[in-house]
Amino acid sequence: PRVGARRELKFALESYWKGNSDEKELLDVLHGVEQQAWNVQRQKGVDLIGLDGTLYDQVLDWIFYLGLAPERFGHLQGFEQYFAMARGTTGAPALDMSKWFDTNYHYLVPELDANTRPSLENLQAFLDKVLRGQQTVGKEHAVPLVIGPITLVHMGKLAGVTSKDVLNKLLPAYARMLKCLKDMDVVEVQIDEPFLCKSAAGSCKDELQWTYETLSKEGVPINLCTYYDDVCKDVYEALVGLPVEKVSLDFCGVPGALEPPCTLDLIKTCGFPSDKKLGAGVIDGRSVWAEDETGAQALDKLVALGVSKEKIVVQPSCPLLHVPYDVEMETLPPVLQGRLAFAVQKLDELVALASGNAVRASTKQQTTKTKSTIGSVDPSMFSRSMPFEERRKLQPSNPKFPTTTIGSFPQTQEIRRLRFALKKGRISEEEYNKLIDQQIAHAIGVQDGLGLDVLVHGEAERTDMVEFFGQQLDGFLHTQHGWVQSYGSRCVRPPIIYGDVSRPAPMTVREFKVAQALTSKPVKGMLTGPVTILNWSFPRKDISRKEQAFQLAMSLRAEVDDLQANGCVCLQMDDPALREGLPLKQERWAQYLEWAVQAFRLATAVAKPEVQIVTHLCYSDFGDILEAIDGMQADVLTIENSRSGDEMIKCLAKYGYNRDLGAGVYDVHSPVVPSANDIVSRIEMMIATGLLKGHHDRIWINPDCGLKTRQWEEVIPSLRNSVMAATMLRERVG
């Protein structure tokens with residue numbers, strides 16, 4: 001974890017952005033957090049320590065180090081340029097943000113075109129970090145971490161150039177960087193190439209060969225590291241033939257996946273070269289469950305397959321940024337004591353496993369399942385009772401270009417103080433609810449005053465869109481300090497699923513009723529979808545993700561029914577992690593999408609025809625799963641669009657999507673307030689694609705995501721301009 005045991009870097013970043021601290025103070029915190037993490041690893045006995053650490057995002061770091069900032073940021077330098085790429089600035093929208101493979105971590109997407117000219121003028125910041133690492137843990141232990149060129153290029157946006165064109169420009173810069181590392185006597189360099197775990201990697205084997213033949217000439221020992229899944233057979237054969245000293249592979253894959261990774265089978269079939277070291281990723285870097293016999297068994301099998309013990313380097317399956325810092329900071333219920341391992345504990349497991357002295361946790365990690373939800377679901381429960389075009393006529397009528405928001409409003413210091421007071425017992429739950437109701441009234445009043453058409457209650461009572469539900473569902477553990485970085489300063493506390501999931505009581509009905517009583521306009525019921533709750537939690541490993549998703553769906557289905565019984569006519573169920581959970585191998589997509597879409601429909605199909613179901617998707621590339629999105633049968637689809645250049649809009653138009661659509665008109669992760677003309681231009685570009693032609697009442701105006709991280713001083717003018725834009729558009733189209 002890179003934000004510190006107590007999120008020190010998060011708070012330092014936010015202080016810096018508010019102007020309450022300077023660059024030196026921010027860097028002091030960053031360096032302290034980095035050194036703490038490196039020292040913990042050395043104290044635990046880890047031999048090779050990756051010099052992780054970033055101010056915002058590791059991909060953004062390499063965009064910055066390699067001088068790949070797009071031209072619109074060319075007038076800026078240093079911190080100003082770095083954070084402008086992350087957050088945007090006036091006249092220069094931020095880089096697109098997307099999910100990092102199939103995780104809930106967000107990365108900044110490189111923009112690569114004919115004008116891309118790598119420069120190493122910012123590389124000194126990276127070299128300084130390497131030097132600090134060597135001084136902290138010793139040269140013989142400090143390993144620089146580098147995002148590999150194949151991954152950097154293929155996870156970027158290419159405009160008018162091929163991947164080979166860009167690699168031709170990048171490789172000299174990478175080679176010069178390696179030369180600098182050689183001059184620093186690094187023990188090895190870890191070059192991360194997780195892209196090689198994707199199906200598409202099979203088409204770039206020539207690039208892979210050429211790239212690492214070039215880089216190996218610099219004479220620095222290279223650990224070519226893949227993670228998040230296994231690699232395909234043809235990619236494996238190419239990998240083990242490269243002129244690198246070590247190849248690192250993932251033996252764990254996705255927790256709860258229907259199919260385990262095939263890494264051991266690949267080694268059994270193809271062998272492993274005796275002149276290379278094998279980085280064996282046998283400690284699950286994406287799960288909080290303590291090591292059982294799985295890692296030890298994998299190592300035993302490797303030795304049985306002829307891989308020398310001296311050539312095996314025991315390591316996590318992927319970076320540990322996806323798990324919390326230290327389980328010792330938690331007070332666990334008896335049923336879970338000794339069964340969980342966060343990042344610090346995984347270091348203990350790693351060292352013990354490497355020494356042959358692994359202490360294995362109970363194999364019975366979770367409570368025993370007594371009844372299958374999958375087997376109890378009738379097929380009729382997956383479908384709405386009326387086709388879209390028929391039920392749309394029964395749903396709330398809207399003006400052309402209706403306005404709304406995605407759900408959350410600013411989580412102010414006042415709201416946080418209320419939550420803290422409740423936690424400490426300084427106020428009663430009744431007092432807390434009354435004070436939260438005042439926040440709801442404020443949110444409704446602001447929206448009514450600005451003239452929005454469909455309102456939200458603002459989610460003042462929610463810390464997080466998944467954690468909130470995890471706290472109220474049986475089968476979940478809620479942690480106190482289990483923070484995980486999502487992007488930049490944004491951290492989440494994923495709940496832990498340890499037993500069967502069920503809903504003991506309504507979760508959102510009280511707040512909905514309070515909000516709806518304050519206005520004559522429709523207020524959306526706000527729920528998080530089953531796949532997102534699953535993907536943004538730490539799931540069980542003893543039953544499938546599908547089974548867990550269906551348990552969640554049945555709980556949410558009951559909540560939908562309660563909301564509509566209490567007068568809700570517009571219900572939003574966000575499932576942005578639908579695309580994120582897509583397996584990295586395309587041949588495994590169909591199986592996943594089938595149950596993921598079924599889970600959403602199981603949760604929502606109980607809605608009456610007159611109840612409008614909205615869903616929200618963001619920060620992933622959804623263009624390749626449009627059929628699945630259509631299959632969700634939502635009445636309104638809202639999407640992030642402000643950073644992605646209308647790509648999703650064009651895909652939906654080409655697909656022939658005909659349900660209501662709200663394309664995000666401004667970036668909620670930037671402090672920049674959009675003008676009404678900017679918003680009008682975005683909607684006019686959408687109309688120009690031919691999407692929803694003649695159905696202007698089905699084109700919604702909304703931000704691209706929730707507003708919890710913004711300030712009211714930014715939110716109010718942004719929404720005022722959204723309403724003004726809607727008025728301008730209505731006048732133009734008549």
With a sphere of 6.0 Å drawn around CD of Glu389, does it hold more than 12 non-hydrogen atoms of other residues, nucleotides or ligands?
yes
Is it the case that atom CD in Glu627 sees more than 12 heavy atoms from other parts of the structure closer than 6.0 Å?
no
Tell me yes or no: between the side chains of [X] and [Y], is some donor less than 3.5 Å from an acceptor?
X	Y	answer
Glu511	His457	no
Gln572	Asp574	yes
Trp289	Asp284	no
Arg545	Asn535	yes
Glu580	Trp536	yes

With a 4.0 Å cut-off on N to O distance, would you call [X] and [Y] a salt bridge?
X	Y	result
Asp453	Lys400	no
Lys198	Asp102	no
Arg503	Asp474	no
Lys541	Asp292	no
Lys157	Asp96	yes
Arg588	Asp230	yes
Asp229	Lys585	yes
Asp635	Arg698	no

How are the rings of His106 and Tyr487 set to each other: parallel, tilted or perpendicular (split at 30° and 60°)?
perpendicular
By side chain to side chain donor-acceptor pair (under 3.5 Å), which residues pair with Tyr105, not counting sequence neighbours?
Arg2, Asp57, Gln58
Just checking Tyr228 against His322, ring centres under 6.0 Å apart?
yes
Are Val733 and Phe401 side-chain neighbours, meaning at least one heavy-atom pair lies under 4.5 Å?
yes
Atom of Gln411, atom of Glu459 and distance for their closest heavy-atom approach:
NE2-O, 3.1 Å
Evaluation steps, side-chain contact (heavy atoms from CB on, under 4.5 Å), between Arg510 and Asp437
CA-CA 10 Å; Arg510 193 199 74 82; Asp437 291 350; 2.9 Å; yes
For Trp589, does the six-membered ring have the charged nitrogen or CZ of Arg579 within the cation-pi criterion, i.e. under 6.0 angstrom from the centroid and within 45° of the normal?
yes
May I ask you to establish whether Arg462 and Phe468 are in a cation-pi arrangement, using a distance under 6.0 Å from NZ or CZ to the six-membered ring centre and at most 45° from the ring axis?
yes
